[in-house]
There are 2 protein chains.
Amino acid sequence: MSTQFGSRVRELRTKQKMLLRQLASKLDVDTSIISKIERGDRQLKKEQIPLLATILQADKVELETLWLADQLMQLVKDEPTADEALKSVSKKIKKTK
Amino acid sequence: MSTQFGSRVRELRTKQKMLLRQLASKLDVDTSIISKIERGDRQLKKEQIPLLATILQADKVELETLWLADQLMQLVKDEPTADEALKSVSKKIKKTK
DNA sequence: TTTGTCTTGACGGATACTGGCAAATATATC
DNA sequence: GATATATTTGCCAGTATCCGTCAAGACAAA
């Protein structure tokens with residue numbers, strides 16, 4: 001249930017002695033949402049990552065990468081052909097670059 | 001807009017001189033849906049892949065892999081950190097195996 | 001117990017997805 | 001060309017899913 005993204009957010013937040021309530025307020029959402037995001041029950045909307053990075057004084061690219069990895073993981077977990085599919089996509093991505 | 005999965009399905013279907021209408025009938029859906037799936041406008045439901053493979057006398061695992069790759073591609077396309085995220089997931093997958 | 005933080009479940013609204021239909025377009029056959 | 005068949009496209013209603021809020025519960029510190 002836990003996510004790389006959520007764990008990292010919690011790590012960043014607590015390191016700054018910031019409360020859920022405070023982070024939620026700055027993101028303009030209810031406290032419960034942040035709680036769920038940090039525990040991996042919900043996904044943060046992609047568009048909110050930049051603001052979150054600013055609030056936490058964190059690296060935006062790092063958070064975006066973790067967020068994307070979580071989305072991918074959710075898709076391939078329990079998929080027997082996950083490895084091959086991932087490789088195929090990696091290859092295709094590089095070609096278009 | 002086109003997908004690996006859809007292109008492969010069309011290839012398999014036409015190779016057998018099967019009409020959209022016929023394939024749709026066997027899958028018990030409207031013709032237009034199959035048309036859209038083959039052209040990449042829609043996704044086939046994962047649960048339907050085994051039946052489709054049987055109808056087309058195709059390799060189920062191959063179709064599942066293509067299908068999964070399409071889902072991943074949709075997620076990472078236009079993502080600057082796609083490559084790193086993909087690698088991260090690959091690594092994590094292998095550990096749990 | 002009281003206070004403050006965090007967690008959890010349920011709810012309504014918004015959004016996205018699904019299959020079906022019908023019209024439009026394409027392709028073939030004459 | 002005309003006709004018949006095959007495919008594509010746009011739109012609709014029903015459904016599922018996601019999102020944020022609220023309220024209640026769990027937990028810890030004093």
Side-chain angles (χ1 to χ4, degrees), chain A residues 1-52 55-56 63-64 66-79, chain B residues 1-52 55-56 63-64 66-79:
Chain A
M1 196 59 113
S2 86
T3 58
Q4 294 189 80
F5 180 84
S7 302
R8 182 73 177 121
V9 169
R10 172 148 296 188
E11 187 181 12
L12 288 164
R13 177 178 63 80
T14 55
K15 197 166 285 179
Q16 303 185 30
K17 314 255 186 254
M18 191 183 293
L19 299 176
L20 275 181
R21 167 167 52 80
Q22 298 171 314
L23 178 51
S25 160
K26 292 193 178 181
L27 276 173
D28 198 30
V29 292
D30 191 81
T31 304
S32 64
I33 291 186
I34 308 297
S35 170
K36 284 165 186 167
I37 287 170
E38 289 187 353
R39 315 189 88 253
D41 282 2
R42 292 232 182 154
Q43 309 289 351
L44 185 72
K45 282 199 279 188
K46 187 165 63 170
E47 301 77 35
Q48 294 174 306
I49 299 180
L51 174 55
L52 179 67
I55 296 172
L56 294 176
L63 292 182
E64 283 171 341
L66 290 176
W67 183 91
L68 184 56
D70 283 343
Q71 314 300 312
L72 294 173
M73 181 62 76
Q74 195 171 352
L75 213 47
V76 304
K77 78 164 188 289
D78 305 326
E79 289 282 349
Chain B
M1 196 58 112
S2 86
T3 58
Q4 293 189 80
F5 179 83
S7 302
R8 182 74 177 119
V9 169
R10 170 148 297 187
E11 189 180 11
L12 289 163
R13 177 178 61 81
T14 54
K15 197 166 286 178
Q16 305 185 28
K17 314 257 187 250
M18 192 183 293
L19 298 176
L20 276 179
R21 166 168 51 80
Q22 299 172 316
L23 177 52
S25 162
K26 292 193 177 181
L27 276 173
D28 197 31
V29 293
D30 191 80
T31 304
S32 63
I33 291 183
I34 307 297
S35 169
K36 285 164 186 166
I37 287 170
E38 289 187 353
R39 316 189 88 252
D41 282 3
R42 293 230 182 154
Q43 309 288 352
L44 185 72
K45 283 199 276 188
K46 186 164 62 171
E47 302 78 25
Q48 295 175 304
I49 298 179
L51 175 56
L52 179 67
I55 296 171
L56 294 177
L63 292 182
E64 284 173 341
L66 289 176
W67 182 91
L68 185 55
D70 283 344
Q71 314 300 312
L72 294 173
M73 180 62 76
Q74 195 171 352
L75 211 48
V76 303
K77 76 164 191 291
D78 306 326
E79 288 283 349

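When reading the values below, keep in mind they use all heavy atoms of this one structure, side chains included, and skip hydrogens, waters and symmetry mates. Quick note on labels: first sequence line is chain A, next is B, and so on, each numbered from 1.
To the nearest 0.5 Å, atoms CG (A:Leu75) and CG (B:Leu72) are separated by 5.0 Å. Atom CD1 of B:Ile33 is separated from atom CG of B:Leu27 by 10.0 Å, given to the nearest 0.5 angstrom. The CG atom of B:Leu56 sits 11.5 Å away from the NZ atom of B:Lys15 when rounded to the nearest 0.5 Å.
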Mind running side-chain contact (heavy atoms from CB on, under 4.5 Å) on A:Gln74 and A:Gln43 for me, showing each step along the way? CA-CA 11 Å; A:Gln74 195 171 352; A:Gln43 309 289 351; 3.0 Å; yes
Using the rule given for side-chain contact (heavy atoms from CB on, under 4.5 Å), can you reason through B:Leu12 versus B:Arg8, listing the C-alpha separation, both sets of side-chain angles and the distance that settles it, and then say yes or no? CA-CA 6 Å; B:Leu12 289 163; B:Arg8 182 74 177 119; 3.7 Å; yes
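With contacts defined as side-chain heavy-atom distances shorter than 4.5 Å, the pair A:Leu52/A:Trp67 does not qualify.
Listed by residue number, the members of residues 18-36 of chain B with any heavy atom below 4.0 angstrom from DNA chain C are B:Val29, B:Asp30, B:Ser32, B:Ile33, B:Lys36. Residues of residues 67-75 of chain B having a heavy atom closer than 4.0 Å to DNA chain D: none are found. Proximity of residues 4-13 of chain A to DNA chain D (heavy atom under 4.0 angstrom from any strand atom) is not detected for any residue.
Heavy atoms of A:Arg42 sit under 4.0 angstrom from at least one base atom.
The side-chain hydrogen bond (donor to acceptor under 3.5 Å, both in side chains) check on A:Glu64 picks up nothing, with sequence neighbours excluded. For A:Lys45, the side-chain contact (heavy atoms from CB on, under 4.5 Å) partners are A:Glu47, A:Gln48, not counting sequence neighbours. Annotation: salt bridge (Lys or Arg N to Asp or Glu O under 4.0 Å) contacts of B:Arg42 (sequence neighbours excluded): none. For A:Lys46, the salt bridge (Lys or Arg N to Asp or Glu O under 4.0 Å) partners are B:Glu79, not counting sequence neighbours.
Protein chain B contacts DNA chain C over a range whose 5' and 3' limits, counting nucleotides with an atom under 4.0 angstrom from a non-hydrogen atom, are C:dT18 to C:dC21. Nucleotides of DNA chain D lying under 4.0 Å from heavy atoms of chain B occupy a range whose first and last members, 5' to 3', are D:dA6 to D:dC11.
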Run the side-chain donor-acceptor check on residues 17-25 of chain B: report pairs under 3.5 Å with partners two or more places apart or on a different chain.
residue	atom	partner	partner atom	Å
B:Gln22	OE1	B:Leu19	N	2.7

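Applying the salt bridge (Lys or Arg N to Asp or Glu O under 4.0 Å) test to pairs two or more places apart or on separate chains, those with a residue in residues 29-41 of chain A are A:Arg10-A:Glu38, A:Arg13-A:Glu38.
Among B:Leu44, B:Ile34, B:Ile37, the single residue meeting the side chain to side chain contact (heavy atoms under 4.5 Å, CB included) criterion with B:Val29 is B:Ile34.
Remark: side-chain polar atoms of A:Asp70 are paired, donor with acceptor, to backbone N or O of A:Phe5 under 3.5 angstrom.
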Reading 5' to 3' and counting Watson-Crick or G-U wobble pairs with both distances under 3.5 Å, write the dot-bracket notation for DNA chain D, | for bases paired outside the strand. ||||||||||||||||||||||||||||||
